[in-house]
Amino acid sequence: MIPQKLLDLLNTEGVVAFATQGTNGPHVVNTWHSYVAVEGDKLYFPAGGMKNTEENLKANSRVQLTMGGHDSEGKGIGFLIEGTAAFLYEGAGFDLVRNRFSWARAAVEIKVSNVQQTMGA
């Protein structure tokens, strides 16, 4: 489900934009490629703040992420990722994140439903 080109991109540093829908419209926060862990069709990353994001997910778990950068050949590449998200406070996904980032108050888990390459060949 998650293409190899996206996995390769996560091995480079760059920004991930993470969008939720709230009562006042879209809300976007950022994290880093290096903060994202992949397990099967799920992405995990730490939440330090992200209070608005957390509240938005209680009402609507659908999310979109974008990430991009240079691929292994030095060409531009970008992706739009869609799925559902939840904040985890215990369990394997939380432990995966918390073991890498002791400051994380929660782990964000994204169940990926669609990946679309938006830049690059």
From Leu10 atom CG to Lys5 atom NZ, the distance as rounded to the nearest 0.5 Å
14.5 Å

If every non-hydrogen atom of Ile110 is compared with every non-hydrogen atom of Ala85, which pair is closest and at what distance?
CD1-CB, 3.5 Å

Test side chain to side chain contact (heavy atoms under 4.5 Å, CB included), reference Leu43, set Val108, Val112, Thr31, output is Val112

Going by the side chain to side chain donor-acceptor pair (under 3.5 Å) test, which pairs reach into residues 34-48, not counting sequence neighbours?
Glu13-Ser34, Tyr44-Glu109

Other residues, nucleotides, ligands: >12 heavy atoms within 6.0 Å of Asn24 CG:
no

Taking all non-hydrogen atoms of both residues, which atom of Ala47 and which atom of Met50 are closest, and how far apart?
CB-SD, 4.0 Å

Which residues satisfy the side-chain hydrogen bond (donor to acceptor under 3.5 Å, both in side chains) test with Thr66, sequence neighbours excluded?
none

How long is the straight-line distance from OG1 of Thr20 back to CG of Asn60, given to the nearest 0.5 Å?
8.5 Å

How long is the straight-line distance from CE of Met1 back to NZ of Lys111, given to the nearest 0.5 Å?
13.0 Å

Which heavy atom of Val97 sits nearest to which heavy atom of Ala104, and what is that distance?
CG1-CB, 4.1 Å

Quick one: do Leu65 and Val38 end up in the same hydrophobic cluster if we chain Ile, Leu, Val, Met, Phe, Trp and Tyr together by side-chain heavy atoms under 4.5 Å apart?
yes

Minimal heavy-atom distance between Ala37 and Arg100, with the atoms involved, is CB-NH1, 4.0 Å

Is the centre of the Phe45 ring less than 6.0 Å from the centre of the Phe101 ring?
no

Any side-chain heavy-atom pair from Met67 and Val15 closer than 4.5 angstrom?
no

Sub-4.5 Å side-chain heavy-atom contact between Val16 and Val36
yes

Worked verdict on Val63 versus Phe18 for side chain to side chain contact (heavy atoms under 4.5 Å, CB included)
CA-CA 7 Å; Val63 299; Phe18 174 43; 3.6 Å; yes

Test: side chain to side chain donor-acceptor pair (under 3.5 Å). Region: residues 85-95. Which pairs qualify, not counting sequence neighbours?
Glu54-Tyr89

Donor-acceptor list for residues 77-84 side chains, cut-off 3.5 Å, not counting sequence neighbours:
residue, atom, partner, partner atom, Å
Glu82, OE1, Asn114, ND2, 3.0
Glu82, OE2, Gln64, NE2, 3.0

Side chain of Gln117, backbone of Met119: donor and acceptor closer than 3.5 Å?
yes

Are the side chain of His33 and the backbone N or O of Thr12 linked by a donor-acceptor pair below 3.5 Å?
yes

Taking only residues two or more places apart in sequence or in another chain, which ones pass salt bridge (charged side-chain N to carboxylate O under 4.0 Å, His left out) with Arg62?
none

Residues two or more places apart in sequence or in another chain: which of them pass salt bridge (charged side-chain N to carboxylate O under 4.0 Å, His left out) with Lys51?
none

Is it possible for you to say whether Phe87 and Val28 belong to one hydrophobic cluster, with membership spreading through side-chain heavy-atom contacts below 4.5 Å?
no

Minimum-distance pair of heavy atoms, taken over all atoms of Leu88 and Gly93:
CD1-CA, 4.0 Å

